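Inspection log for the structure reproduced underneath, given as structure tokens.
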2 protein chains.
Amino acid sequence: MNLSVAEENYIKAIYKLQEGEQAVTTNALAYELETKPASVTDMAKKLKEKKLISYEKYQGITLSPEGRKTALQVVRRHRLWECFLVDKLSFSWEEVHELAEELEHVRSEKLISRLSEFLGNPVIDPHGDPIPDANGRMAKPRPQTSLDQANARRLVVTAVSDQSSALLAFLNAKSIKLGTQLEIIAHYEFDNSIEIKVKHQPAITISEQVAKNIMVRPL
Amino acid sequence: MNLSVAEENYIKAIYKLQEGEQAVTTNALAYELETKPASVTDMAKKLKEKKLISYEKYQGITLSPEGRKTALQVVRRHRLWECFLVDKLSFSWEEVHELAEELEHVRSEKLISRLSEFLGNPVIDPHGDPIPDANGRMAKPRPQTSLDQANARRLVVTAVSDQSSALLAFLNAKSIKLGTQLEIIAHYEFDNSIEIKVKHQPAITISEQVAKNIMVRPL
DNA sequence: AAAATTATTTAAGTTTGTCTAAATAATAAT
DNA sequence: ATTATTATTTAGACAAACTTAAATAATTTT
Ligand SMILES: [Mn+2]
Ligand SMILES: [Mn+2]
Ligand SMILES: [Mn+2]
Ligand SMILES: [Mn+2]
């Protein structure tokens with residue numbers, strides 16, 4: 001199946017929004033792809049025609065098995081390029097998403113398998129997300145919660161769920177990255193802000209909004 | 001100036017065909033880009049509008065200074081990716097052109113300067129073509145002739161002018177690559193074929209057509 | 001249950017980059 | 001100097017991926 005860049009972006013976005021089983025909504029997809037609902041309806045018809053999704057008017061969208069396979073390939077390419085940019089070209093993790101968004105569309109099995117090998121067949125990308133292997137299988141994500149719901153005191157940062165460069169820049173400034181160990185000092189009920197401490201750094205207070213997007217697991 | 005992939009491909013093709021000063025013909029460009037003359041005329045109008053080329057009806061196309069600058073950037077990206085594929089991912093030189101044709105369109109100054117640095121700021125690509133630097137300057141190509149016109153006996157292969165994978169595969173099979181040293185054994189006037197010998201290999205006879213596309217300089 | 005709101009789809013139009021077929025210009029042959 | 005050939009442009013259409021505005025369906029509020 002030969003997909004356009006636009007089609008690949010749709011498939012990946014549907015995969016991302018699907019999370020489990022729920023059908024993806026026209027509006028949600030339009031928002032995710034920064035396009036208009038009318039465009040999504042158009043594309044939905046096309047992708048259904050190509051048997052990549054199941055779609056009935058007003059019923060939302062879900063990936064077909066082939067669609068899921070396609071999505072996993074695109075995700076694999078995206079995350080491998082992110083690894084390349086960070087590990088080999090010394091980009092910082094908040095810069096790489098945009099570039100990977102383009103690189104992911106160069107479709108070549110051979111290129112990707114060589115790239116993966118060159119990188120040492122990594123299994124997680126710079127944001128802590130698992131990288132599907134050539135068959136679409138990926139490491140089951142280890143149990144993690146958002147920082148605002150963690151109950152343990154000592155935690156490790158495992159991922160960042162919002163990958164806007166605004167958030168990533170903030171975390172960078174505070175020296176918080178994947179694998180950073182931190183300790184919860186206090187919860188402030190008033191605004192649900194949280195005081196945390198990273199070793200060798202002054203304690204800082206972060207808003208609920210930030211905490212919701214930092215994924216952690218107990219140390 | 002924000003160019004589409006198609007526009008970049010046109011600009012690069014015009015650059016390639018221009019060679020010196022002669023204006024590029026509508027048909028030549030259509031052939032090079034595997035499209036139709038009518039499409040070229042359409043695009044010529046658009047590129048003229050954007051001041052990347054000069055173009056008058058029936059008079060052919062030449063790059064403007066801005067057009068040349070753009071072309072050199074695309075060529076730089078193309079050749080750096082080719083280096084990456086060969087040097088880091090162990091592709092062979094005949095496989096990389098196609099992939100670089102796509103990778104070259106990821107537009108990011110930072111990406112390209114980091115990539116160049118990662119590769120050790122190479123100045124020639126795997127086919128022996130010079131790589132423009134960030135300012136569009138490139139090493140003056142060393143004097144070279146095609147193999148069919150060489151007068152010296154002992155020669156080094158410096159480039160391959162036709163980059164079809166057919167030719168490159170042939171050269172690969174005969175273990176001829178950049179830097180290969182060879183010796184001319186005989187010219188056969190009948191069909192202008194040439195017998196050559198590469199060290200540690202049996203002598204082979206190559207057709208005029210092949211010889212025309214192998215660039216060499218005296219050892 | 002009707003009314004109001006929100007979500008989704010349809011209709012119609014735009015842009016980009018293509019194509020084929022027909023018209024016109026430039027060049028070569030007689 | 002005509003005529004024939006070749007090169008180039010124009011005209012009209014099409015597919016992909018968008019958009020806005022209007023119509024319709026689904027959901028929520030009252
Ligand atoms: Mn993308
Ligand atoms: Mn990522
Ligand atoms: Mn290209
Ligand atoms: Mn090359």
Side-chain angles (χ1 to χ4, degrees), chain A residues 1-15 17-19 22-63 67 70-71 74 101-102 104-107, chain B residues 1-15 17-19 22-63 67 70-71 74 101-102 104-107:
Chain A
M1 187 96 49
N2 226 25
L3 301 182
S4 68
V5 169
E7 287 168 332
E8 284 192 343
N9 282 333
Y10 271 89
I11 291 293
K12 187 160 66 92
I14 295 164
Y15 175 82
L17 295 178
Q18 212 175 322
E19 285 285 322
Q22 330 135 44
V24 174
T25 228
T26 303
N27 268 359
L29 199 44
Y31 181 78
E32 173 72 18
L33 290 166
E34 297 179 81
T35 182
K36 296 283 143 51
S39 309
V40 172
T41 301
D42 279 359
M43 183 60 95
K45 290 173 185 166
K46 235 193 311 177
L47 294 176
K48 182 187 180 177
E49 192 57 41
K50 294 192 173 188
K51 301 195 189 305
L52 294 166
I53 62 172
S54 67
Y55 164 69
E56 295 301 331
K57 266 191 188 182
Y58 297 104
Q59 299 311 123
I61 295 170
T62 46
L63 288 178
T70 302
V74 182
E101 200 55 54
E102 302 194 42
E104 69 187 0
H105 301 293
V106 178
R107 252 185 269 48
Chain B
M1 188 100 45
N2 226 26
L3 301 182
S4 68
V5 168
E7 287 168 333
E8 284 193 344
N9 283 333
Y10 270 89
I11 291 293
K12 187 159 67 92
I14 296 164
Y15 175 83
L17 297 178
Q18 210 174 323
E19 283 287 323
Q22 331 135 43
V24 174
T25 228
T26 303
N27 269 357
L29 198 45
Y31 181 78
E32 172 73 19
L33 290 166
E34 297 179 82
T35 181
K36 295 282 142 49
S39 309
V40 172
T41 302
D42 281 358
M43 183 60 94
K45 290 172 185 168
K46 235 192 312 175
L47 295 176
K48 182 187 181 178
E49 191 58 40
K50 294 192 173 188
K51 301 195 191 305
L52 293 167
I53 63 173
S54 66
Y55 164 70
E56 296 301 330
K57 266 191 189 184
Y58 298 104
Q59 298 312 123
I61 296 170
T62 46
L63 288 178
T70 302
V74 182
E101 200 55 53
E102 302 193 43
E104 70 187 0
H105 302 292
V106 177
R107 250 184 274 42

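None of the values given here were measured: they were computed from a predicted structure. Order of the sequence lines fixes the chain letters, A, B, ..., with proteins taken first and strands second; residue numbering starts at 1 for each chain. These values consider heavy atoms only, across backbone and side chains, with no hydrogens, waters or symmetry-generated copies.
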### Query
So which one's nearest nucleotide on DNA chain D is more toward 5', A:V40 or A:Y58?
A:V40
### Query
Can you tell me how far P of C:dT16 sits from CG of B:N2, to the nearest Å?
12 Å
### Task
Send over the distance from B:K45 NZ to C:dT18 P, rounded to a whole Å.
15 Å
### Task
Remember a base hit wins even if backbone is also touched, and classify A:A6 as base, sugar-phosphate or nothing at under 4.0 Å, heavy atoms.
sugar-phosphate
### Task
Indicate whether OP1 or OP2 belonging to C:dC19 is found under 4.0 Å from a side-chain N or O atom of B:S39.
yes
### Interatomic distance, A:E56 CD vs C:dT8 P [rounded to whole Å]
15 Å
### Contact under 4.0 Å: A:T41 side-chain N or O vs C:dT10 OP1/OP2
no
### Query
Using a cut-off of less than 4.0 Å, is there contact between a side-chain N or O of B:T25 and OP1 or OP2 of D:dA7?
no
### Query
Looking at A:Y10, does any N or O in its side chain come under 4.0 Å of the phosphate oxygens OP1/OP2 on D:dC18?
yes
### Summary
note: A:L29, atom CG; C:dA7, atom P; distance rounded to Å ~ 15 Å
### Query
Is B:K57 near enough to D:dT10 that one of its side-chain N or O atoms lies under 4.0 angstrom from OP1 or OP2?
yes
### Query
Once you round it to whole Å, what is the distance between C1' of C:dT15 and CD of B:E7?
12 Å
### Task
Scan B:L47, B:T41, B:V40 and name whichever one has a side-chain contact (heavy atoms from CB on, under 4.5 Å) with B:M43.
B:L47
#### Entry: Closest contact, heavy atoms only, A:L29 versus A:A13
CD1-CB, 3.6 Å
### Query
Would one find a side-chain N or O of B:Y55 under 4.0 angstrom from OP1 or OP2 of D:dT9?
yes
### Message
If you compare every side-chain N and O of B:N27 against the phosphate oxygens of D:dT8 (OP1, OP2), does one of them come in below 4.0 Å?
### Response
yes
### Summary
Which of C:dT9, D:dC18, D:dT9 is nearest the side chain of A:T35? It is D:dC18
### Sidechain N-carboxylate O distance under 4.0 Å for A:E102, B:R107
no
### Message
I need the CG-P distance between A:D42 and C:dA12, as an integer number of Å.
### Response
14 Å
### Query
What is the distance from atom CD1 of A:I53 to atom CD1 of A:I61, rounded to the nearest 0.5 Å?
4.5 Å
### Task
Please state whether the phosphate of C:dT8, meaning OP1 or OP2, lies under 4.0 angstrom from any side-chain nitrogen or oxygen of A:K36.
no
### Query
Would B:E101 and B:K12 pass as an ion pair if we require N to O under 4.0 Å?
yes
#### Entry: Residue whose nearest DNA chain D nucleotide is more 5′ - A:V5 or A:Q59
A:V5
#### Entry: Value in whole Å for how far the P atom of C:dT8 lies from OH of A:Y31
15 Å
